Number of protein chains: 2
Amino acid sequence: MADHSSIDDAVMAGRAASSAAYSPLYQQIKALLLQSLDQGEWKPGEAIPSEFELAARFNVSQGTVRKAIDELAADHLLIRRQGKGTFVATHNEAKVRFRFLRLTPDDGKVKPSSSRIIDCRRIKAPVDIARLLDLRPSDTVVNVRRVLSFEQTPTILDDIWLPAVVFKGLTAESLTRYRGPLYALFESEYGVSMVRAEEKIKAVAASDDQAGLLNIVSGSPVLQVERVSFTYGDRPMELRRGLYLTDRFHYRNTLS
Amino acid sequence: MADHSSIDDAVMAGRAASSAAYSPLYQQIKALLLQSLDQGEWKPGEAIPSEFELAARFNVSQGTVRKAIDELAADHLLIRRQGKGTFVATHNEAKVRFRFLRLTPDDGKVKPSSSRIIDCRRIKAPVDIARLLDLRPSDTVVNVRRVLSFEQTPTILDDIWLPAVVFKGLTAESLTRYRGPLYALFESEYGVSMVRAEEKIKAVAASDDQAGLLNIVSGSPVLQVERVSFTYGDRPMELRRGLYLTDRFHYRNTLS
DNA sequence: GAGTGGTCTAGACCACACG
DNA sequence: GTGTGGTCTAGACCACTCC
């Protein structure tokens, strides 16, 4: 065997009598791949080894590796490209930028966007934030406040909380200098890949200060979006409370 | 061959020189299964033939049928149950009722719901409705208006449009008599299976009459949800404009 | 025990990208 | 041409359900 983990033991376990908790081989392979992704063995945008190489490494057939990769691709952690290879998903790509932003112009036309950082400070985590981010209340969080505009029209007011331990060098200055989706920045600068997110949406009336920042009249109905984003292994890494202006935009969703 | 369609020609086409539009065998099988579903060969809740039977019918290997079924199961058109068979998805089942309703109580507790039909009438399709339902403006639509309450609290005001040709016997009386999700009724009474839906969401201020029906003060911020539901073959079959009260509920969504 | 879906394998061949 | 993912097959065996 080479220097990477063998799954022989796991195979035995999986194939042992039906008494033990049964887990199919390809699920075990999937877990190993996930682990390699989490540990950064392959970086976002890079290609992972070919199916045959992985099959050899794990001592399973190519079809079994294939099925593991299939699931990771279905979850958008990996991207398959016929003839080229299988790549680690990234937010640093024109095609999938703003992958998590569901706000769409009513007329469908793509609009140029710009971000204005209002604030970036470190604070002790408020209890509700700490709970959602799986932190202790004594932990420090980075709190970023910003306004996103489309065609010079303020449209989104975001309040963002991040574990300070992970996002060490993050400052208002570095944020202001950066152009592009935050998740792309998190990926390349802090090694944090956001993989999944959950949102809770309400309609609320804008408060005075919120209305001021969005340049609307106080009390206007706005969309309130609370998002928790997760990295590999379903670890929460960002809490975002956004206010969306929906007079010329809408939040789109597909049910199935 | 039996009396059902053979795919031999399709196979030849698919396997012919790379000049023609190439379509994998399992995709062709998928299309055939979809057709059978659409034509009602197997009804919602029923089991479809086993993988081996289907493989024999279509003259392909079991693995190829399997892959076709896999995709239909991933789209929630079919449901696999190990040891029992593969079943046509249905809204008539405790487990998946309100499958398309994303509104959730903030406290997570399930609440008893009741529906009050306000109105059910047939009208000439307004142009915007006709366009979304892929109808001609001269076509007739059924317009249903109802209020959904949770624990006696009015929470959702729905305005629903349906092609009148399809929903022939639908009246306020039959709707009032019925308990349960509308999609379950559509399925069992009108043979219409809703398979997918697209929603556009905005935050708006409730108008006077809307506020009256929801028992809130006029101008309150509410969630406006426009939903187009599709049946097999991506044919639009319902337009629904809903107003959701989100003071004690929220719209939940998962991004990935 | 019989039938169904689920896993795993091994091998052949096809479509696609790149040099 | 070579290497990658994608398809298709055939067969063995496993897990689950029901009788």
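Because only heavy atoms are used, hydrogens play no part in the values below, and waters and symmetry mates are left out as well, while side chains stay in. Note that this is a predicted model, so its numbers are computed, not measured. Numbered from 1 within each chain, the chains take letters A, B, ... in sequence-line order.
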- Closer than 4.0 Å, any side-chain N/O of B:K84 to the OP1 or OP2 of D:dC16? no
- Message: For B:E41 and B:R57: C-alpha separation, side-chain torsions, deciding distance, then whether salt bridge (Lys or Arg N to Asp or Glu O under 4.0 Å) applies.
- Response: CA-CA 14 Å; B:E41 180 172 346; B:R57 170 192 308 200; 2.9 Å; yes
- Item | Verdict with reasoning, B:E93 to B:F87, per side-chain contact (heavy atoms from CB on, under 4.5 Å) | CA-CA 12 Å; B:E93 217 171 79; B:F87 299 78; over 6 Å; no
- Message: I need the CD-P distance between A:E71 and C:dC8, as an integer number of Å.
- Response: 11 Å
- Query: Of the nucleotides D:dG6, D:dT7, C:dC8, which one has an atom closest to the side chain of A:L25?
  - Reply: C:dC8
- Could you work out which one of D:dT7, C:dT7, D:dG6 sits closest to the side chain of A:Y22? C:dT7
- Query: Between B:S61 and D:dC8, does any side-chain N or O lie under 4.0 Å from OP1 or OP2?
  - Reply: no
- Message: D:dT4, OP1 or OP2 - any side-chain N/O from A:R81 closer than 4.0 Å?
- Response: no
- Message: Distance check needed: D:dG6 C1' versus B:D70 CG, whole Å only.
- Response: 15 Å
- Task: Give one of base, sugar-phosphate or nothing for B:R66, where a contact means two heavy atoms less than 4.0 Å apart.
- Result: base
- A:E51 side chain, from C-beta outward: closest of D:dT7, D:dG5, C:dC8: D:dG5
- Message: Is it the case that the side chains of B:Y251 and A:N253 hold a donor-acceptor pair, with the cut-off being a distance below 3.5 Å and no angle test?
- Response: yes
- Message: Centre-to-centre under 6.0 Å for B:F186 and B:H91, is that the case here?
- Response: no
- Message: Whole angstroms only, please: what is the CG-P distance between B:L78 and C:dT4?
- Response: 16 Å
- Message: Measure CD/B:Q28 against P/D:dT7 and give the value in whole Å, please.
- Response: 12 Å
- Hey, is the side chain of A:Y26 poking within less than 4.0 Å of OP1 or OP2 on C:dT7, counting only N and O atoms? yes
- Message: Rounded to whole Å, please give me the gap between CD1 in A:I29 and P in C:dG6.
- Response: 20 Å
- Whole angstrom is fine here: how far is it from CZ in A:F52 over to P in C:dA10? 11 Å
- Any A:T64 side-chain nitrogen or oxygen under 4.0 Å from OP1 or OP2 of C:dT7: no
- Rounded to whole Å, CD of B:Q62 lies from P of C:dT9 at a distance of 17 Å
- Are more than 12 heavy atoms from other residues, nucleotides or ligands located less than 6.0 Å from atom NZ of B:K111? yes
- Query: Does the side chain of A:S50 get closer than 4.0 angstrom to OP1 or OP2 of D:dG3 through an N or O atom?
  - Reply: no
- Rounded to whole Å, the CG-P distance (B:N59 to D:dT9) equals 10 Å
